[in-house]
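Below, each value reflects all heavy atoms present in this structure, side chains not excepted, and no hydrogens, waters or symmetry copies. Chain identifiers are assigned alphabetically (A, B, ...) following the order of the sequence lines, protein sequences preceding nucleic acid strands; residue numbering begins at 1 within each chain.
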Amino acid sequence: MTENIHATFKLNYGAFQLDVDLHLPNSGITVLFGASGSGKTTLLRCIAGLQHAPHGFLTINGQVWQDSARGVFLPTHKRTLGYVFQEASLFTHLTVTENLQFGLKRIGKSTAGEALPPILDLLGIEHLLKRMPENLSGGEKQRVAIARALALNPDLLLMDEPLAALDSKRKQEILPFLSRLHQTLKIPVLYVTHSQQEVAQLSDFLVVMAEGKAIAAGSLSETLSRLDVPLVQERDAVTVWQGKIKAHEVAYHLTSIDFAGITLSLPAMDASIGSPVRVQIFARDVSIVKEKPQATSILNVLPAVITALADAQAGQTVVQVQVGGQMLLAHITQKSAVLLALQVGMGVYVQIKGTSILN
Amino acid sequence: MLNAADIDTLWLTFKVASIATVLMLLVGTPLAWWLVRSQSRWKGICNALVALPLVLPPSVLGFYLLILMGPQGVVGRITTELGLGTLPFTFAGLIVASVLYSLPFVVQPLQAAFAAIGERPLEAAATLRASPVDTFFSVVVPLARHGFLTATILGFAHTVGEFGVVLMVGGNIPDKTRVVSVQIYNHVEALEYEQAHWLAGGLLLFSFTILLFMYGVLKTPVTSQSFK
């Protein structure tokens, strides 16, 4: 993985301290995940230059945006970034078109340029161009705000909980756009959220923040299956596998999906062979058997190796297993773990009772 | 009816108020912006200084201005050095006094309008490559337009309505410093009530119309043009 964003920040507000040193990929969506007060928004604002961390070092693809040791601090308007705030923050005195052109005018491009039409199309906002922001719904405003940031074709797109201010219906309206964005654009995105659903659906690279520190950073599947990350202990712990559609079993209404050599059979999907798929597997839907079951109604039974075990709350054990090249979590009872005498390094079979497809 | 001298005072009043308003906007805009944005510990003192004319008797302000701008005053010595002479009882002196006296009526609506804009539009503009100066003219000014309108109207109207400071600093010199409010005083002193009625009634109508416009048409003089 190319790691072309290096961000180091130290900031002390007394009650709150930010102290991070991160190497982030310069492609795909990197999600900064954490509870409120964990410092994820502060980190994003430091990267944007909206907040000036007294000790900081930040390079994006070799450009230095901040180097406190050498007294370098590029003001926000000189950073080639795009920023989407939690509230759309459109300029209320300008039409949608004028909002979209605001940044373009300042980098010497007009809307006649080729940048805008595909973005309008991607976000479905062509019909809104002449309106004033006050005449847009919350979801429409946020789509315009995303388009406004994307129009500049930034080197880095920063999104600060862009869906948090919207009700769940509006969220569902925008999430597909973000997923599409992810597949069509090459701009690296730093995306702040406290929603596990958005993590599962959008992220390629995941940074988990707590109390001003990055407690875990790595690829989505790697970070999601780390047992020392708090979300793994919770009831809705989840792993996400990214694969491709391999074949359709029309007679059974099933689709087989290939994840780097492992195949899962899932309910039929309306997508062509070869298209990318994200599947989320809840740890509570995974069970472990020692011997290969001879006859079972569960279709997805795969050989696995136990790589780690940890106690979770209330008589639960989290088992981390490796299935082919993928990591998977299983929540089982502590009693089962003892009865099966599960140990690290042991070969077992995992039965996946259910999955949900994310896109 | 109005005689020629009355017309002259009206014209002079209009000139003083217009020039003073332009100067107040030029001085008041950066001042108000600084007062809203700054974290400086001088902010409180500056706020208090700007607001002083609201509570001081005009004679107090006039008295100190006379002393400051007079031949022995700091300002007076500087203006004399510069070959401008001393400012009291001149048109320029009247303008200086008017600007100081009416400044809070310009600065305060602007302050309220700037504060209502908040941080977010400025940040959004910065992320869209607008420099701070660019942001001020392309985002702050249009969003604060009601504040500017209110500041202009109040600054102008208040300058037209001043009396005490004018009398102290400007005196009562025809064509130079004799403004409408002073002329009304002259008429009343001379028991020319009819002349006084015309001017006083005119000012009353003018002031009422302006206030009606602000509260009636603009509804909220300083709207919260907050960000949506």
Legend entry - Residue part contacting chain A, namely of Ser138(B), when any heavy atom lies under 4.5 Å: both
Inset, instruction - Could I get the full list of side chain to side chain contact (heavy atoms under 4.5 Å, CB included) partners for Val75(B), not counting sequence neighbours? - result: Leu68(B), Met69(B), Thr79(B)
Inset, instruction - Go through the side-chain N and O atoms of Glu198(A) and Thr193(A) and say whether any donor and acceptor fall under 3.5 Å apart. - result: yes
Inset, instruction - Indicate the ring-plane relationship of Phe16(A) and Tyr13(A), choosing parallel, tilted or perpendicular according to the 30° and 60° boundaries. - result: tilted
Inset, instruction - Sort by residue number and list every member of residues 72-84 of chain A having a non-hydrogen atom under 4.5 Å from chain B. - result: Thr76(A), His77(A), Arg79(A), Thr80(A), Leu81(A), Tyr83(A)
Inset, instruction - I would like to know whether Glu162(B) and Ser98(B) meet side-chain hydrogen bond (donor to acceptor under 3.5 Å, both in side chains); could you show each step before the answer? - result: CA-CA 8 Å; Glu162(B) 67 180 319; Ser98(B) 301; 2.6 Å; yes
Inset, instruction - Measure the acute angle between the ring planes of His158(B) and Phe105(B), then classify it against the limits of 30° and 60° as parallel, tilted or perpendicular. - result: parallel
Inset, instruction - Kindly assign one of parallel, tilted or perpendicular to the pair Phe14(B) and Phe156(B), based on the angle between their ring planes and the thresholds 30° and 60°. - result: perpendicular
